[in-house]
Each structure stands twice: as C-alpha cells, then as structure tokens.
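In what follows, chains are A, B, ... by sequence order, proteins preceding strands, each numbered from 1. Only a predicted model underlies this, so the values are computations on that prediction, with no experimental measurement involved.
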Protein chains: 2
Amino acid sequence: MDQWQPLTVPVQANPVGNVEERRLAAPGLAISTVIFALKPSETSGRPTLWLPLVRRIREPFKGQWALPGGPLRHDESLPEAASRNLLDTTGLAPRYLEQLYAFGGLHRSPAQRVVSIVYWALVQPEEAELPGEEENVRWFRADKVTDLAFDHQEIVDYALWRLRNKMEYASIAFHFLGEYFTLAQLREVYEAVLDKPLDPANFRRHVTNAVGIEPSDRYLQGGKHRPPRLYRYTGPAPSSTPRTAPNTARNPS
Amino acid sequence: MDQWQPLTVPVQANPVGNVEERRLAAPGLAISTVIFALKPSETSGRPTLWLPLVRRIREPFKGQWALPGGPLRHDESLPEAASRNLLDTTGLAPRYLEQLYAFGGLHRSPAQRVVSIVYWALVQPEEAELPGEEENVRWFRADKVTDLAFDHQEIVDYALWRLRNKMEYASIAFHFLGEYFTLAQLREVYEAVLDKPLDPANFRRHVTNAVGIEPSDRYLQGGKHRPPRLYRYTGPAPSSTPRTAPNTARNPS
DNA sequence: ACAAAAGTGTTATGTGTACACCCATGA
DNA sequence: TCATGGGTGTACACATAACACTTTTGT
C-alpha cells in the first residue's frame with residue numbers, strides 16, 4: 001500500500017543500441033534537482049512559485065523541457081554532484097539543498113535504464129536570475145509545467161507536495177528570502193506556497209514565538225505607509241537537536 | 001546547513017584492484033533494507049524493537065554484521081529488488097516497505113564506490129521467524145547494534161529515527177501486529193517504539209477517533225481478567241487522499 | 001485628516017494531558 | 001468478593017482561529 005512504483009528519470013542517457021545490450025548493461029545513475037524560487041506572477045504581481053527547466057538537446061525527448069541533472073562523477077558526493085550540475089546547467093547555486101527521492105522504475109528512459117537520485121532546492125530571488133542563455137534554460141510557473149520529458153512531471157509534483165508539506169512544520173520559508181525581511185514578506189511566502197491567505201495577526205504571533213527568528217533594529221523604508229520592522233533568521237537555537245541523521249523530513253499517512 | 005554529507009553503504013562490493021580503476025569505474029548501485037520487528041525482551045519480556053542482520057562472508061568487513069542487501073538487477077524495480085533480496089538473504093517478506101534514503105558518500109566501501117538506496121520495512125511477529133540458517137542471519141536489539149560493517153550503523157540510526165518520527169503522525173504501528181489486536185497491544189507497540197509510557201485512557205480515545213481502525217465483534221479470551229475487544233486496521237478511509245507522490249514522510253528541523 | 005498597513009488585545013473553540021472513576025471478568 | 005485491566009468522564013492547560021481595535025507612517 002505504501003509501497004510505490006517509481007517511474008523514470010534520465011539525463012545523459014546514452015542510448016544503448018538493442019534490447020540485449022539493455023538487458024546486460026548495469027543501470028545508469030543520475031542526479032537531478034527540482035529548484036524552487038518565488039517570482040512575481042505575470043498577472044497579479046504577487047509572488048508565486050517558479051522553477052527552472054532545461055531544454056533537452058539530444059534524444060530521447062529532444063526539444064522537450066526537463067529537470068536539470070546529469071551523471072554522478074566518481075569524485076563527488078551526491079549533494080556535491082547536485083550542486084555542481086546545477087551550476088553547470090543553470091548557473092544557480094542554491095543555499096538550501098535536500099535529497100528528495102530515488103526514482104528507479106524500469107522504463108523511465110527509453111534506451112538504457114537509469115536510476116535518478118533527485119534533490120530539491122530553494123533559491124533566493126537575487127540568486128534566481130539565470131546567467132545562462134535564455135534559449136535552453138527558462139523559468140516556469142511550478143503549478144503550470146506540463147509535457148516534461150521522462151517522468152519529470154511526477155517528480156515535480158512530488159517535490160511540490162514535499163515543499164508544501166515541509167513548509168507547515170519546518171523553518172524553510174526563510175530560504176526564499178534574503179537576510180532581512182518583514183513579517184509581511186514572510187507571510188507572502190507562506191501564502192504563495194500553501195496557496196491560501198493567512199491571518200496577519202495570528203501569523204505574527206506564531207512566527208515571533210518560534211525560535212530562530214530575531215527582530216532587528218532596522219525598518220524597511222520607502223513603503224507607502226508605516227515602515228515595518230525587519231527580521232532575521234538566525235537558524236534553530238544554537239544548541240538545538242543534534243540530529244544524527246542524513247535527512248530531515250516528514251511524510252503523511 | 002540542511003545539506004548533509006552521507007557516508008558509505010556497499011553490498012556485493014567486488015573489489016576493483018587499484019586506485020586508477022576505481023577512478024574510472026562507474027559507481028556501483030546496491031539496495032539494502034532495515035527491517036524492524038517487535039519481539040519480547042530477553043529480560044523483561046515486554047515487546048522491544050529488533051532487526052535482522054546478516055554476517056558478511058567475504059571481504060571487505062568479512063565476518064562482521066551488516067544490513068541485508070545486494071545489487072539491483074536489470075528487470076526489477078527498486079522495491080522489487082529490496083523485497084527479492086530480503087527473501088533471498090533472510091527469508092522474510094515484509095508487508096510494509098518504504099524507501100528510506102540514498103547513501104552515496106565517496107568512501108562507504110573501501111574498494112569500488114557504491115551508492116546504496118536503502119529501504120526500511122516492518123514485519124509482523126508471525127512472519128518474523130527466520131527460516132534461514134542461524135549462523136549467518138540473526139536478530140539483534142535495535143538499540144544495541146554495534147560494530148556494523150560499512151556505514152550501516154548510521155543507516156540503522158537514521159531508520160530508527162524515521163520509524164519513531166513517523167510513528168507519531170502516521171498509521172504504521174498496525175504493521176507490527178496481526179489482523180486482530182487489542183488496544184493494549186497497539187499501545188504496547190507505541191510504547192516500545194517511542195520508549196515511553198502512554199496513558200491508556202487517552203490512547204484509547206486518540207486511536208478510536210482516528211480513521212482506519214474499526215472495532216470487531218470479537219474479544220480476546222484467555223486473559224486473566226476482563227476480555228478486551230479486538231480491533232482491525234482497515235487502512236485509511238477508502239476514498240482518502242489520492243496521493244500522487246512516491247513516498248510519504250515528514251522530516252524535522 | 002485620511003488611508004492603509006503595522007502591530008496588539010480579546011474571545012471562542014478545539015486538542016492534549018492528567019487523573020478520578022466505573023465496569024466486567026477470572027480466580 | 002476482590003484484584004486487575006478494560007473502558008468512560010471530567011477538568012485544566014494550552015494552541016489555534018476569528019476579528020475588533022489601536023498605532024504609525026506617507027500623502
């Protein structure tokens with residue numbers, strides 16, 4: 001019941017000629033990443049979730065959009081491989097990076113079998129500008145991506161679910177923002193990701209009571225009205241839970 | 001900060017001769033599984049957490065205890081590979097199986113580099129008897145395992161953390177029990193895993209209010225006192241959340 | 001002065017926890 | 001009838017949610 005049938009992720013899928021070769025070849029191993037950032041909506045201007053995709057320049061799925069990714073090199077760890085590949089393909093260097101899931105279904109890639117270890121990442125608006133060429137790397141609204149190569153659509157859906165889920169119990173919203181932010185900005189992050197309005201008064205209490213967030217003595221000037229105080233994320237309390245484990249995430253049901 | 005430096009898991013690590021060969025060889029891919037079951041403590045007789053380990057019969061770490069695991073075959077999905085390998089090495093066929101994490105550190109295995117996709121599983125007491133030979137497969141108390149091969153100690157620690165964490169918000173305790181069980185038995189599962197006593201009264205309300213658990217018209221006879229009612233786990237409500245995602249787990253911090 | 005967002009107070013409702021108590025059965 | 005675990009009731013602490021209200025700024 002809770003078991004699950006994965007699908008197929010590739011990247012650098014060097015097609016192996018025939019069926020017999022496929023039977024014998026060891027499964028390929030690739031690293032891919034789903035990157036999230038908040039950017040203003042084209043219509044409302046309010047912040048919404050976006051993610052960068054790269055256009056495939058070879059078969060299979062040539063011309064279609066796919067997650068950035070590539071093979072795992074011999075001298076890099078899994079997160080190192082994810083970071084390095086992100087920089088190569090999109091020019092992005094996310095501060096937050098976490099393993100999402102390993103996808104290893106039999107027919108994810110048409111030619112050689114590929115197992116993909118997928119990461120997910122959050123980037124701040126400043127670092128979210130794509131230095132790469134506009135042709136083959138482009139931002140898409142996270143809830144509107146479609147026709148992705150391989151099983152990347154399901155991977156994106158899962159990453160989205162994980163982001164929303166984790167947002168509700170962990171302190172990750174800060175990674176979408178710069179060092180200093182107002183509580184209204186932080187609330188907009190939650191509203192954009194969870195896609196529902198939040199009560200400003202209750203949100204304030206909730207977040208100021210939480211650990212790891214400190215008021216600064218600075219205020220955001222230049223607004224139309226009363227300047228709001230700027231806050232900083234100082235991380236969990238210095239002597240917080242010394243986790244012994246790799247990952248840190250909940251799962252439902 | 002939330003990024004994490006994995007370690008090393010192998011299985012079937014066919015040592016590749018020299019450093020140069022290691023540099024060039026593609027990373028190996030293995031599947032391992034942490035299996036949990038509840039068995040009576042040797043001392044108190046109360047249920048406690050146990051897990052089966054297999055003794056390594058070749059280098060590296062020859063003679064030491066390790067997680068059951070093996071290579072991924074070309075014609076099986078990841079969970080299929082985990083199940084098949086479990087049956088081969090331990091004779092166990094867990095009903096609950098879920099992906100835990102992918103461990104891919106550079107030096108997990110001394111010779112060839114190995115990336116391990118690790119699953120975790122829960123088995124019921126009936127199916128927890130080891131048909132295999134006693135020599136090379138044995139049950140250990142989960143909180144007392146030590147001197148494991150490779151990075152398997154950290155993997156076990158992480159799986160333990162995940163089990164305890166997930167136990168607090170998901171309906172997985174049932175997988176330790178048979179079809180019919182009393183609320184006291186279910187409570188003992190929670191107490192054993194979380195290692196703290198629970199209020200019977202509040203536990204009863206909590207669990208009977210939850211969906212997916214139904215009282216039967218049967219009672220457990222043969223006890224010393226009033227026979228308790230037997231309950232059944234019917235799974236989440238038939239038309240429950242149609243998850244689109246592979247895995248289902250939360251993470252802290 | 002007025003509009004609008006920042007920020008505070010108050011109350012209703014729900015949920016977790018501690019614990020007193022009754023119920024049903026075997027011995 | 002008595003001991004014991006099964007099972008129910010209840011009161012308190014605390015978190016969440018809804019919303020009225022005051023404060024501070026720019027225009």
Pairwise 5' ranking along DNA chain C for B:Ala201 and B:His206, keeping only the more 5' one: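 Mapping each residue to its closest nucleotide by heavy atoms, the 5'-most match is B:His206.
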Earlier contact from the 5' end, DNA chain C, for A:Leu183 and A:Lys224: A:Lys224
Choosing from [options], which nucleotide comes nearest the side chain of [X]?
X: A:Arg204; options: C:dA6, D:dG6, C:dC19; value: C:dA6
X: B:His225; options: D:dA18, D:dG6, C:dT25; value: C:dT25
X: B:Asn202; options: D:dC19, C:dT17, C:dA6; value: C:dT17

Sub-6.0 Å ring centroid separation between B:Phe176 and B:Phe174: no
Near-ring test B:Tyr190/B:Phe203, centroid separation under 6.0 angstrom: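 For B:Phe203 and B:Tyr190, the ring centres are under 6.0 Å apart.
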Take the protein atom [atom1] of [X] and the nucleotide atom [atom2] of [N], then report the distance between them rounded to whole Å.
X: B:Arg46; N: D:dG5; atom1: CZ; atom2: C1'; value: 14 Å
X: A:Phe181; N: C:dA6; atom1: CZ; atom2: C1'; value: 16 Å
X: B:Tyr219; N: C:dG26; atom1: OH; atom2: C1'; value: 17 Å
X: A:Arg229; N: C:dA5; atom1: CZ; atom2: C1'; value: 16 Å
X: A:Asp199; N: C:dA5; atom1: CG; atom2: P; value: 15 Å
X: B:Leu198; N: C:dT17; atom1: CG; atom2: P; value: 9 Å
X: B:Phe203; N: C:dT15; atom1: CZ; atom2: P; value: 18 Å
X: B:Leu220; N: C:dA24; atom1: CG; atom2: C1'; value: 15 Å

Sugar-phosphate, base or nothing in reach of A:Ala184, heavy atoms under 4.0 Å: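 The residue A:Ala184 makes sugar-phosphate contact but no base contact.
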Sugar-phosphate only, base, or nothing, as touched by B:Arg205 at under 4.0 Å among non-hydrogen atoms: base
Phosphate OP1/OP2 of D:dT23 contacted by A:Arg226 side-chain N/O (<4.0 Å): no
5'-most by nearest nucleotide on DNA chain D - B:Pro200 or A:Pro227: B:Pro200
Minimum heavy-atom distance B:Val193-B:Met167, with the two atoms named: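 Result for this residue pair: CG2-CE, 3.1 Å.
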Over 12 foreign heavy atoms within 6.0 Å of CZ, A:Arg141: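 More than 12 within 6.0 Å, yes.
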Salt bridge flag under 4.0 Å for residues B:Glu191 and B:Arg187: yes
